[in-house]
Amino acid sequence: MTKTASISPKAQAARAVLAPIAEDLVAVDRILNQELSASQSPKIAEVGHYIIAAGGKRMRPALLMLMARALGYTGTVHQELGATIEMLHTATLMHDDVVDEGMMRRGRPTANARWGNNVSVLVGDFMYTRSFQMMVRIGNLKVMEALAGAANVLSEGEVIQMQNAHDPSVDESRYLKVIERKTSALFVAAARMACAISDATQTQEQALIDYAKALGNAFQIADDILDYSGDPSQSGKQIGADFAEGKVTLPVIYTLQETNSENRRFIEEAIRNGHGDFEKISAVIAQTRAIERCRQRAHEELNRGKKALSALPSSIFKNSLIELLSFVVERES
């Protein structure tokens, strides 16, 4: 007798949120695999399929397709766009893992850990440029502007983050400047692309852009909380990896504001050196209200996103967009 794998409550919640576009998400994965299989290089197909098979949340295509449907779109181009934005996103993750020397992602070895930096960068380049080929095939100038603009902003965000590394003076404003470029940019691109293929009014487009920024910010703040309070078996993240890379994220920023001078000096020195007693640092963070403040900050973004959606007509897709905000803030992985 075959045992049915149990599904966690969080996984069930995610399925419920995405249920209105379940078939669209299946189509996105099919298109991604077709694009990779079309490569003349077996190595590109091998590495690409490995990365795509890792799954992930497919947040960006899901967002794009929910928005398009919420705006009344009834065609299938949104599936191609979903695959296009996911292809670009995956390429950026591969490049990030090389820059950050990341060894694990989504609970599996990264491409650079398995095949080395050279292969990982080049396959990332292939996926990056293939996403632009896919975009051009669609032939919508507004789509091209949205995705090309996001790609440029993403690169800028990576450089700003690199400049901020190992700098304990990074404050909330500088932190937001990075995440608005590295995370929210593709969420905003998804909104613009959905509007480009739909009959969206200017008011609706601005509302969805505002929603996308709020969702992206909330998503990244929640992700940064996991670096200090998450379960690696659930999140697939290496706990403490961000700190080891010298990234000063919101939990650390709030901790430095709240802790005593001795702990502050200890953490600042660890940030500068790129190493330290992570267990002690985590204990200091837990002793402050830093994680609670981060959750409050994420909920501020959640409320801002919900308010923006008032510009959309009622639908099951709008309901999913509302639920998506709560899901990303309260997630454990």
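We use all heavy atoms of the structure for the numbers below, so side chains are in, but hydrogens, waters and symmetry mates are not.
No donor-acceptor pair closer than 3.5 Å links the side chain of Thr259 to the backbone N or O of Thr255. A donor-acceptor contact shorter than 3.5 Å links the side chain of Asn112 to the backbone of Gly102. The main-chain N or O of Lys177 is found under 3.5 Å from a side-chain atom of Arg181 such that the two form a donor-acceptor pair. Not one N or O on the side chain of Arg192 forms a donor-acceptor pair closer than 3.5 Å with the backbone of Ile209. Without hydrogens or angle criteria, Ser39 side chain to Ser41 main chain gives a donor-acceptor distance under 3.5 Å. In this structure, the side chain of Lys318 engages the main chain of Leu312 through a donor-acceptor pair within 3.5 Å. Although no hydrogens or angles enter the test, the distance criterion places no donor-acceptor pair under 3.5 Å between the side chain of Glu86 and the main chain of Arg58. Side-chain atoms of Ser184 come within 3.5 Å of backbone atoms of Asn217 as a donor-acceptor pair (strictly under, hydrogens ignored). Panel note: side chain Asp223, backbone Phe219; no donor-acceptor pair is recorded below 3.5 Å.
There is no side-chain donor-acceptor pair under 3.5 Å between Arg293 and Gln296. In summary, the side chains of Arg137 and Thr84 do not present any donor paired with an acceptor at a separation below 3.5 Å, with no hydrogens or angles considered. A donor-acceptor pair shorter than 3.5 Å can be found between the side chains of Asp224 and Gln220. No donor-acceptor contact under 3.5 angstrom links the side chains of His89 and Ser131, judged on distance only. Defined by atom type and a distance below 3.5 Å, a donor-acceptor pair is present between the side-chain atoms of His95 and Asp125.
A salt bridge links Asp100 with Lys247: the closest approach of a Lys/Arg side-chain nitrogen to an acidic carboxylate oxygen falls below 4.0 angstrom. Glu46 has a carboxylate O that lies under 4.0 Å from a charged side-chain N of Lys43, or vice versa, which qualifies the two as a salt bridge.
For Ser314, there are no side-chain contact (heavy atoms from CB on, under 4.5 Å) partners, not counting sequence neighbours. For Asp210, the side chain to side chain donor-acceptor pair (under 3.5 Å) criterion is met by Gln206, not counting sequence neighbours.
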Please test Arg304 against Glu301 for salt bridge (Lys or Arg N to Asp or Glu O under 4.0 Å), starting from the C-alpha separation and ending with a verdict. CA-CA 5 Å; Arg304 187 161 67 92; Glu301 296 292 343; 2.5 Å; yes
Could you go through the side chain to side chain contact (heavy atoms under 4.5 Å, CB included) check for Tyr175 and Ile221 one step at a time? CA-CA 10 Å; Tyr175 164 81; Ile221 292 169; 3.7 Å; yes
Working note: Tyr211 + Leu63, criterion side chain to side chain contact (heavy atoms under 4.5 Å, CB included); need CA distance, chi angles, decisive distance, verdict. CA-CA 10 Å; Tyr211 167 88; Leu63 182 61; 3.5 Å; yes
So Glu269 and Arg265, salt bridge (Lys or Arg N to Asp or Glu O under 4.0 Å) or not? Walk me through it. CA-CA 6 Å; Glu269 189 63 22; Arg265 283 194 297 270; over 6 Å; no
Checking Gln163 against Ile160 for the side chain to side chain contact (heavy atoms under 4.5 Å, CB included) test, could you report, in this order, the C-alpha distance in whole Å, the side-chain angles of both residues, the deciding distance, and whether it holds? CA-CA 5 Å; Gln163 291 173 322; Ile160 294 172; 4.3 Å; yes
Do Met65 and Val28 pass the side chain to side chain contact (heavy atoms under 4.5 Å, CB included) test, and can you show the C-alpha distance, the side-chain angles, and the key distance before you say yes or no? CA-CA 10 Å; Met65 293 187 292; Val28 165; 3.6 Å; yes
Given salt bridge (Lys or Arg N to Asp or Glu O under 4.0 Å), test Arg295 with Glu292 step by step and report yes or no. CA-CA 5 Å; Arg295 291 196 175 105; Glu292 179 188 347; over 6 Å; no
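Here the closest non-hydrogen pair linking Thr92 and Tyr128 is CG2-CE1, 4.4 Å. Residues Phe187 and Thr183 share a closest heavy-atom pair of CD1-O, 3.0 Å. Residue Ala70 comes nearest to Ser315 through the heavy atom pair CA-OG, 4.2 Å, listed as atom of the first residue, atom of the second, then distance. Between Ala16 and Pro20, the shortest heavy-atom contact is O-CD, 4.0 Å. For Ala150 against Ala185, the heavy-atom pair with the smallest separation is CB-O, 3.9 Å. Pairing each heavy atom of Val123 with each of Gly48, the nearest pair is CG1-N, 4.4 Å.
The shortest distance between side-chain heavy atoms of Arg174 and Asp167 falls below 4.5 Å. The shortest side-chain heavy-atom distance between Met59 and Leu215 falls under the 4.5 Å cut-off. Looking at heavy atoms from C-beta onward, Val248 lies out of side-chain contact with Asn164 at the 4.5 angstrom threshold. Residues Glu80 and Ile197 form no side-chain contact, since every pair of their non-hydrogen atoms from C-beta on lies 4.5 Å or further apart. The shortest side-chain heavy-atom distance between Lys182 and Asp96 falls under the 4.5 Å cut-off. Within the 4.5 Å cutoff, no side-chain heavy atoms of Leu36 are placed close to those of Ile51. Counting heavy atoms from C-beta on, the side chains of Tyr50 and Pro109 come closer than 4.5 Å. Counting heavy atoms from C-beta on, the side chains of Leu71 and Cys195 come closer than 4.5 Å.
Phe317 is connected to Val328 through a chain of hydrophobic side-chain contacts under 4.5 Å among Ile, Leu, Val, Met, Phe, Trp and Tyr, so both are in one cluster. Under a hydrophobic clustering in which Ile, Leu, Val, Met, Phe, Trp and Tyr are joined whenever their side-chain heavy atoms come within less than 4.5 Å, directly or via other members, Leu64 and Met135 fall into the same cluster. Hydrophobic cluster membership differs between Val98 and Met94, with clusters built from Ile, Leu, Val, Met, Phe, Trp and Tyr side chains linked at under 4.5 angstrom. There is no path of hydrophobic side-chain contacts, each under 4.5 Å, that joins Val153 to Met144. Under a hydrophobic-cluster definition in which Ile, Leu, Val, Met, Phe, Trp and Tyr are linked whenever side-chain heavy atoms come within less than 4.5 Å, directly or via other members, Leu154 and Val178 are assigned to different clusters.
For the atom pair CD1 (Ile225) and SG (Cys294), the distance works out to 5.0 Å, reported to the nearest 0.5 Å. Separation of atoms CG (Leu18) and CG (Leu66) is listed at 6.5 Å; rounding is to 0.5 Å. Taken from CD in Glu268 to CD1 in Ile271, the straight-line distance is 6.5 Å, to the nearest 0.5 Å. Here the straight-line distance linking atom CE of Met127 with atom CD1 of Ile52 works out to 4.0 Å at 0.5 Å rounding. The distance from the CG atom of Leu324 to the CG atom of Asn319 is 12.5 Å, given to the nearest 0.5 Å. Distance CD1/Ile267 to CD1/Ile281: 6.0 Å, rounded to 0.5 Å.
Sparse packing is recorded around CD of Glu262, with 12 or fewer heavy atoms of other residues, nucleotides or ligands lying under 6.0 Å away. By the 6.0 Å contact criterion, CZ on Arg69 is enclosed, its count of non-hydrogen atoms from other residues, nucleotides or ligands being greater than 12. Surrounding NZ of Lys213 are at most 12 heavy atoms belonging to other residues, nucleotides or ligands under 6.0 Å away. Residue Asn118 places its CG atom among 12 or fewer non-hydrogen atoms of other residues, nucleotides or ligands, all under 6.0 Å distant. Sparse packing is recorded around CD of Glu23, with 12 or fewer heavy atoms of other residues, nucleotides or ligands lying under 6.0 Å away.
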